[in-house]
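One structure below.
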Amino acid sequence: MSAELSITPQAELWARYSTGLYRNEELGFSLDLSRVRMSPSEQSAIAEMFPMAFSAMAQLEAGSIANKDEGRMVGHYWLRAPQLAPTPELEADILQAIFDVKAFCQAVHEGEIRGSGGKFTNVLLIGIGGSALGPQFIATALASSQDKLHMSFFDNTDPDGIDLVLSSLASRLATTLVVVVSKSGGTPETRNGMLEAQAAFQSAGIPFAPQAVAITQAGSKLDQTAQSEGWLKTFPMWDWVGGRTSVMSTVGLVPAALQGLDIDGLLEGAGQMDSLTRVPQVKENPAALLAMAWYHCGQGRGSKDMVLLPYKDRLALFSKYLQQLVMESLGKELDRKGQKVNQGIAVYGNKGSTDQHAYVQQLRDGLNNFFATFIEVLKDRHGDSIEVDAGVTSGDYLYGFYAGTRKALYESGRDSITITVNEVNAHSVGALIALYERAVGLYAELVNINAYHQPGVEAGKKAAAQILALQSQAVEVVVRNKASLTADEVAKLANASDVESIYGILRHLAANPSRGIVRHPGKTPAEDRFGKL
Ligand SMILES: O=P(O)(O)OC[C@H]1O[C@](O)(CO)[C@@H](O)[C@@H]1O
């Protein structure tokens with residue numbers, strides 16, 4: 001057999017890897033698509049769609065109304081390149097906000113701004129979705145023993161979860177700075193968290209307002225509350241920054257700076273990646289390469305899930321962060337022509353090698369309905385490692401498990417992407433965030449959807465409001481009646497048809513004695529009776 005036909009798979013893969021690897025030495029970043037089975041003709045076919053995507057992205061950065069459904073610009077790239085903002089006023093606003101964040105946090109760190117108990121020791125951030133996920137991801141990814149303030153989060157309206165955080169803050173409330181984050185200023189979960197925090201401060205006899213910061217749009221309900229109650233500080237959010245792309249705005253910069261993290265590094269890393277992903281050639285643009293691989297793997301319909309496997313504990317929250325960034329951006333019913341497409345890419349993952357002892361079994365041998373994205377971090381740790389075997393460290397094992405899993409998946413016909421960074425630091429975290437923000441934006445152009453609105457979440461919010469309205473009707477009926485009633489009887493007396501919702505509401509209330517409702521179990525839910533406690 002002639003030499004050129006005797007290429008072994010390893011030699012062929014090595015050739016594919018080394019010729020196709022996208023690398024940027026300055027950022028210490030590389031992107032490997034060699035384990036995505038995509039022929040040159042398939043790549044060319046997808047690449048033909050990119051000039052339109054690059055042009056749309058350029059218009060977006062120039063200030064077009066890229067979010068047509070909400071009539072808004074999409075300006076998260078300007079947060080790390082203010083000079084790109086479409087007006088001098090916006091540029092000035094961005095620069096002023098960064099200046100104010102630094103000045104405020106310096107005053108907190110130096111004790112010029114203090115709590116009733118002295119210098120601040122803790123931050124309690126209250127937010128949800130993009131108003132919490134970005135701050136949580138960065139706080140975890142960049143945490144160190146040098147942190148200036150300890151970070152805690154309310155990111156849900158779960159009383160038990162709130163109690164758990166409050167108990168960890170117990171003796172330190174007097175030196176805890178509360179940062180309430182809500183772009184709309186009206187998200188119920190965040191409002192509830194704020195009220196719970198205020199109640200905790202009140203029962204501890206600590207004034208809340210002097211230790212409270214709001215990050216929200218001017219004029220929002222939260223802004224009005226902060227102004228009327230005389231909170232310590234407010235920072236602006238702008239309508240041209242979406243919640244899931246807000247981490248480089250005050251939403252992420254305030255908590256990161258309070259923690260003592262390098263916010264300039266975050267912004268610089270993101271800005272450097274933005275420059276790379278602005279290049280209008282697919283092969284020279286890491287975000288375009290990523291979007292092309294997503295499109296190929298899922299045939300432009302998200303038919304395969306994106307499994308995130310960072311082999312670094314610090315990056316464990318990245319998959320949760322990307323779930324919102326990717327799925328709230330791409331998970332849409334209609335495309336921009338109004339056609340029903342039910343688009344999206346499902347995202348899940350945690351970290352390697354941990355996940356090899358959880359679901360990698362199915363990835364290797366089960367349903368081939370995914371593509372993996374490995375994130376390899378070259379630097380093992382600060383300082384030296386012990387040897388766990390002769391000449392082998394735990395970091396060698398982590399590398400071996402990554403490389404082995406990548407090989408095992410490829411050999412069983414599963415595609416994977418590998419992103420490699422030298423180490424996890426503010427620059428590389430900023431760059432990773434920016435990479436995915438751009439890849440989502442470019443991919444959305446390929447499938448012609450608006451990546452910047454979220455109509456689907458409004459449905460859930462409206463339904464929740466209906467349930468709460470039903471609750472007050474049901475309670476009023478139960479309290480008014482001496483005899484206990486079945487859910488069906490309550491529904492009839494409340495002129496409500498949704499018996500099951502009434503049952504669920506009353507069963508939940510009865511499980512929490514302080515609510516004054518008791519459940520007398522019958523043989524079936526229909527026979528359960530509810531009365532006053
Ligand atoms: O910052 P807000 O307005 O409280 O919204 C929180 C989150 O809720 C959503 O609006 C809907 O999930 C997200 O887009 C956003 O990040």
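Atoms within each ligand, like the ligands themselves, are counted from 1 in listed order. Residue numbers run from 1 in the order of the sequence given.
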Classify the ring geometry between Trp231 and Phe208 as parallel (under 30°), tilted (30 to 60°) or perpendicular (over 60°).
perpendicular

Considering the heavy atoms of Ser182, write down every atom of ligand 1 situated less than 4.0 Å from one of them.
1 (O), 2 (P), 3 (O), 4 (O)

Test log, rule side chain to side chain contact (heavy atoms under 4.5 Å, CB included), inputs Gln211 and Phe201
CA-CA 10 Å; Gln211 298 185 203; Phe201 270 69; 3.4 Å; yes

Minimum distance, heavy atoms only, to atom 10 (O) of ligand 1: which one of Lys461, Gln324, Arg191, Lys183 is it?
Lys461

Could you please spell out the steps behind the side chain to side chain contact (heavy atoms under 4.5 Å, CB included) verdict for Trp294 and Leu446?
CA-CA 11 Å; Trp294 298 352; Leu446 301 184; over 6 Å; no

Which of these, Glu437, Gln454, Gln323, His76, sits in a side chain to side chain donor-acceptor pair (under 3.5 Å) with Arg244?
Gln454

In this structure, atom 16 (O) of ligand 1 is nearest to the protein heavy atom Gly130 N, 2.7 Å

Do the ring centers of Phe235 and Phe104 come within less than 6.0 Å of each other?
yes

Looking only at protein heavy atoms, which one is nearest to atom 14 (O) of ligand 1, and what is the separation?
Glu328 OE1, 2.8 Å

For Thr190, is at least one N or O under 3.5 Å away from an N or O on ligand 1?
no

Going by heavy-atom distance to atom 2 (P) of ligand 1, choose the closest among Val251, Thr187, Val181.
Thr187

Look at atom 7 (C) of ligand 1 and say which protein heavy atom is nearest, naming residue and atom and giving the distance to 0.1 Å.
Ile128 O, 3.7 Å

Going by the side chain to side chain donor-acceptor pair (under 3.5 Å) test, name the single residue among Thr190, Thr187, Asn192 that passes it with Thr157.
Asn192

Kindly assign one of parallel, tilted or perpendicular to the pair Tyr311 and Phe374, based on the angle between their ring planes and the thresholds 30° and 60°.
tilted

Looking only at protein heavy atoms, which one is nearest to atom 1 (O) of ligand 1, and what is the separation?
Ser131 OG, 2.6 Å

For Ser184, the ligand 1 atoms with a heavy-atom partner under 4.0 Å come out as 2 (P), 3 (O), 4 (O)

